[in-house]
Amino acid sequence: MPDPEGRVRSQPCRRTRTAMTSPPTHGRARIRDRIHLPAGVRPGDRQTGNEPDYRFTLANERTFLAWIRTSLALIAAGVAVRQLVPPFRIPGGRTALAILCLVLAIALGASCFFRWSAVQLAMRLAKPLPPSRLVPSLAAGVTVTACVALVLLITT
Amino acid sequence: MSLETPANKEESGLQAERTTLAWHRTSLSFCAVAALLAHQGLTDGVDVARLVTAAVLACVGVTSAAASRWHHRLTGTSAHPPTCAPRWLTALLSGAATAGAIVTLFDVTR
């Protein structure tokens, strides 16, 4: 079937061919490359593979919801710090803490959907679960925020 | 691949119930954040951006509770074992949380 520009492809596009033929790489390897998606398959496509055990599906869903609640808690923390906490001696301290919380909330809120989708696809294809960057990112973000809060408190 | 035992069959209802409770907790979290933003939006004058964000988050919270209840009611029976949640629903939650954080970030930094 021709694409919108009228070209007829006789084989999968370069990106899919690379995913199908090249071995998984470390570091910045994409989910698609690690899971080796067949041609024309999108991450999260329900028609791919077999329906996994419902318990794993529900566990994945609960994990996604936990990440969403963490993101919402960080939003609430950012608002509370900015509005309810008395000003620190260092100017802009409250705003800096609020920005840290909200940036972390944005990162978690956006990433958890792709994590849920990638895990669901890996389960359908009976592949190992892809490694997650959410946990170390959250740990690092909370550590940095706590250190900034500690410095602000000590200097007050 | 799963072993069909009486314990596993009984657990199927518990797994679905745990997931439904998780959806309800998430909906309550959306509503709590919406209430916080609405309270801040009405303090010291009317802040339209915060009120709109609060309204959107509250609607998403109510929608997710209703949609998850409907989905699990359809798929949590003995004839239809639980299946994956709709992709649009998870995308809605993720998008709403991200958008709420972005709007709040702009509001905090202005």
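Values reported hereafter were calculated over all heavy atoms of this structure, with side chains retained and with hydrogens, waters and symmetry mates removed.
Of all heavy-atom pairs spanning A:Leu72 and B:Thr26, the tightest one is CD1-O, 4.3 Å. When all heavy atoms of B:Ala101 and A:Ile106 are compared, the pair lying nearest together is CB-CG1, 3.4 Å. Here the closest non-hydrogen pair linking B:Thr98 and A:Ala110 is OG1-N, 3.1 Å. Here the shortest heavy-atom pairing between B:Val33 and A:Ala76 reads CG2-CB, 4.4 Å. The shortest non-hydrogen separation linking B:Ala22 to A:Arg62 is CB-CG, 4.1 Å. B:Arg87 and A:Trp116 get closest at one heavy-atom pair: CA-CH2, 4.1 Å.
Contact of B:Arg25 with chain A is made through backbone and side chain together, with heavy-atom distances under 4.5 Å. Of the atoms belonging to B:Leu37, it is side-chain heavy atoms, and not backbone ones, that fall under 4.5 Å from chain A. In this structure, chain B has heavy atoms under 4.5 Å from both the backbone and the side chain of A:Phe113. With a 4.5 Å cut-off on non-hydrogen atoms, B:Leu36 touches chain A through its side chain but not through its backbone.
Under a hydrophobic clustering in which Ile, Leu, Val, Met, Phe, Trp and Tyr are joined whenever their side-chain heavy atoms come within less than 4.5 Å, directly or via other members, A:Val148 and A:Leu153 fall into the same cluster. Under a hydrophobic-cluster definition in which Ile, Leu, Val, Met, Phe, Trp and Tyr are linked whenever side-chain heavy atoms come within less than 4.5 Å, directly or via other members, B:Val52 and B:Leu42 are assigned to different clusters. Under a hydrophobic-cluster definition in which Ile, Leu, Val, Met, Phe, Trp and Tyr are linked whenever side-chain heavy atoms come within less than 4.5 Å, directly or via other members, A:Trp67 and A:Phe114 are assigned to different clusters. Hydrophobic clustering (side-chain heavy atoms under 4.5 Å, transitive across Ile, Leu, Val, Met, Phe, Trp, Tyr) groups B:Val56 together with B:Ile102. The hydrophobic cluster containing A:Leu129 does not contain A:Leu134, counting ILVMFWY residues as joined when their side-chain heavy atoms lie under 4.5 angstrom apart, directly or transitively.
When side chains are defined from C-beta on, B:Val108 does not count as touching A:Val81, because their heavy atoms never get closer than 4.5 Å. Looking at heavy atoms from C-beta onward, B:Gln15 lies out of side-chain contact with A:Phe56 at the 4.5 angstrom threshold. A:Leu84 has its side chain within reach of B:Gln40: a pair of non-hydrogen atoms, C-beta onward, lies under 4.5 Å apart.
Going from atom CZ of B:Arg50 over to atom CD of A:Gln83 covers 4.0 Å, rounded to the nearest 0.5 Å.
Contacts with chain A were tallied for B:Leu105, B:Thr109, B:Thr19; B:Thr19 has the most, counting heavy-atom pairs under 4.5 Å. Each of B:Ala99, B:Ala96, B:Ser94 has some count of heavy-atom pairs under 4.5 Å with chain A, and the biggest count is that of B:Ser94. With chain B as partner, the option from A:Leu74, A:Ile68, A:Leu108 having the largest number of non-hydrogen pairs under 4.5 angstrom is A:Ile68. Each of A:Asn60, A:Val79, A:Thr95, A:Leu65 has some count of heavy-atom pairs under 4.5 Å with chain B, and the biggest count is that of A:Leu65.
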